[in-house]
Protein chains: 2
Amino acid sequence: MPRVYQTRQQKAVQKLFSARPEDCLTAEEAYDQLTIAGMEVGKTTVYRAITRLLEQGLLRRYAAQDSSEAASYQYNPCVDSHLHIRCMDCGVLEHLHCDEVEHFSAHLAHHHGFTLDEGQTMLYGLCKACQGKQQEKK
Amino acid sequence: MPRVYQTRQQKAVQKLFSARPEDCLTAEEAYDQLTIAGMEVGKTTVYRAITRLLEQGLLRRYAAQDSSEAASYQYNPCVDSHLHIRCMDCGVLEHLHCDEVEHFSAHLAHHHGFTLDEGQTMLYGLCKACQGKQQEKK
DNA sequence: CTAAGTGCAAAATGTTTGCATACTT
DNA sequence: AAGTATGCAAACATTTTGCACTTAG
């Protein structure tokens with residue numbers, strides 16, 4: 001792994017993500033944010049910076065649910081790895097800090113020989129609010 | 001929802017997926033399979049047939065892990081919905097038929113107000129074989 | 001000074017759309 | 001006959017790459 005130079009642009013991208021560990025941003029959104037902030041970072045550079053951060057394990061990547069939508073990225077403080085759940089209707093992202101997850105993960109390891117990567121996994125379903133909405137429709 | 005005509009092509013695509021409910025195929029792969037089988041179905045038509053099957057709930061869609069990789073689709077016999085786990089190293093797909101999943105899902109519903117959609121969710125991690133490989137590398 | 005990063009334009013990829021034609025019902 | 005599907009080519013959106021130039025270490 002080649003060394004990572006601390007350029008103005010690289011620092012700007014990392015800072016953007018690390019400043020909001022709760023948020024998921026697409027490359028485009030990150031680019032826009034930087035532009036608004038007057039940071040002058042090329043879009044290509046944003047992509048390359050993100051790639052570098054992924055390699056360093058500082059970002060996690062979430063594939064889009066629908067096709068032809070962009071992937072999003074989130075700051076990944078290694079210490080606090082946890083599952084995320086995404087509502088398929090409203091798109092809200094929730095962070096699952098919960099012992100039950102550890103229990104389930106342990107079960108997978110023991111009974112299925114599978115080591116769950118919480119950082120890479122996104123659970124999909126419906127949040128409380130959207131379950132209500134779905135029922136109204138019926 | 002408009003009615004779905006049973007064309008030669010539509011039937012061919014559905015048959016392809018339903019014949020192998022264990023397999024995940026990308027649109028491209030489906031197209032290739034059909035072409036090899038001499039079915040003469042256009043790629044556009046494959047995409048449109050897949051879209052229709054998704055709308056009907058007969059197919060589930062899995063977003064690609066790495067960027068610039070294609071999404072894959074799998075036949076979805078509604079009755080037997082279950083979680084899937086994918087090895088990030090070798091790519092193997094395992095089907096999780098397990099009471100623990102129901103237990104975890106129930107927990108999510110009760111304590112987090114979140115209804116898990118097992119069909120849409122893919123767990124990522126490392127399978128037994130690849131955990132061994134990872135350790136050797138160190 | 002050298003390895004690494006930048007930014008533009010162009011390519012690549014997966015997917016969707018416009019449209020004239022053909023098929024189902 | 002009306003509604004839907006097909007297939008081609010072209011459009012699209014996201015992401016990557018080639019290349020000449022700049023910057024960090």
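Note that the structure is a prediction, hence the values are computed from the model and not measured. Chain naming here is simple, since letters A, B, ... match the order of the sequence lines and numbering starts at 1 in each. Keep in mind that the numbers below use all heavy atoms, side chains included, and drop hydrogens, waters and symmetry copies.
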Spatial distance of atom CD1 (A/Ile85) from atom SG (A/Cys127) [nearest 0.5 Å]: 9.0 Å
Residue whose closest nucleotide on DNA chain C lies nearer the 5' end, B/Thr26 versus B/Gln6: B/Thr26
Electrostatic pair A/Glu94:A/Arg86 at N-O distance under 4.0 angstrom: no
Check: B/Tyr31 main-chain N/O paired with B/Thr35 side-chain donor or acceptor under 3.5 Å: yes
Whole-Å gap separating C1' (D/dC8) and CD (B/Glu40): 14 Å
Residue mapping more 5' on DNA chain D - nearest nucleotide basis, A/Ser72 or A/Arg8: A/Ser72
Sugar-phosphate, base or nothing in reach of B/Thr44, heavy atoms under 4.0 Å: base
Angle between terminal axes - the helix from C/dC1-D/dG25 to C/dT25-D/dA1, 5 pairs each end, rounded to 10°: 40°
Touch class at under 4.0 angstrom, heavy-atom based, for A/Ala71 against every strand present: sugar-phosphate
Of the listed nucleotides C/dG14, D/dG25, D/dT16, the one nearest the side chain of B/Tyr47: C/dG14
Interatomic distance, A/Glu55 CD vs C/dG5 C1' [rounded to whole Å]: 13 Å
Nearest-Å distance for atom pair NZ/C1', residues B/Lys43 and D/dA10: 15 Å
Touch class at under 4.0 angstrom, heavy-atom based, for B/Glu28 against every strand present: nothing
Parallel, tilted or perpendicular, as decided by the 30° and 60° cut-offs, for the rings of B/Phe17 and B/Tyr73: perpendicular
Main-chain N/O of A/Cys24 paired to A/Ser72 side chain as donor or acceptor, under 3.5 Å: no
Atom-to-atom span, CG of B/Leu25 to P of C/dG14 - whole angstrom: 15 Å
B/Thr45 side-chain N/O to D/dG7 phosphate OP1/OP2 under 4.0 Å: yes
Options D/dA5, C/dA4, C/dT15, nucleotide nearest the side-chain atoms of A/Arg3: C/dA4
Whole-Å gap separating C1' (C/dA3) and CD (A/Gln10): 15 Å
Distance test, side-chain N/O of A/Gln9 to OP1/OP2 of C/dG7, below 4.0 Å: yes
Length of the CD-P vector between B/Glu69 and C/dT15, whole Å: 11 Å
Base of D/dG7 paired with side chain of B/Arg48 (donor-acceptor, under 3.5 Å): yes
Partners meeting side chain to side chain contact (heavy atoms under 4.5 Å, CB included) with A/His111 (sequence neighbours left out): A/His107
Donor-acceptor pair (no angle test) under 3.5 Å: B/Tyr5 side chain, D/dG3 base: yes
Euclidean distance, atom OH of residue B/Tyr31 to atom C1' of C/dT13 [Å, nearest integer]: 16 Å
Spacing of B/Arg52 atom CZ relative to C/dT16 atom P, expressed in whole Å: 12 Å
Any donor-acceptor N/O pair, B/Gln74 side chain to B/Pro21 backbone, under 3.5 Å: yes
Side chain of A/Ala70 - closest among C/dT24, D/dT14, C/dT16: D/dT14
From C/dT15, D/dT6, C/dA4, nucleotide with atom closest to B/Arg61 side chain: C/dT15
Any pair counted as side-chain hydrogen bond (donor to acceptor under 3.5 Å, both in side chains), so long as it reaches residues 4-16 of chain A, sequence neighbours left out: A/Gln10-A/Arg52
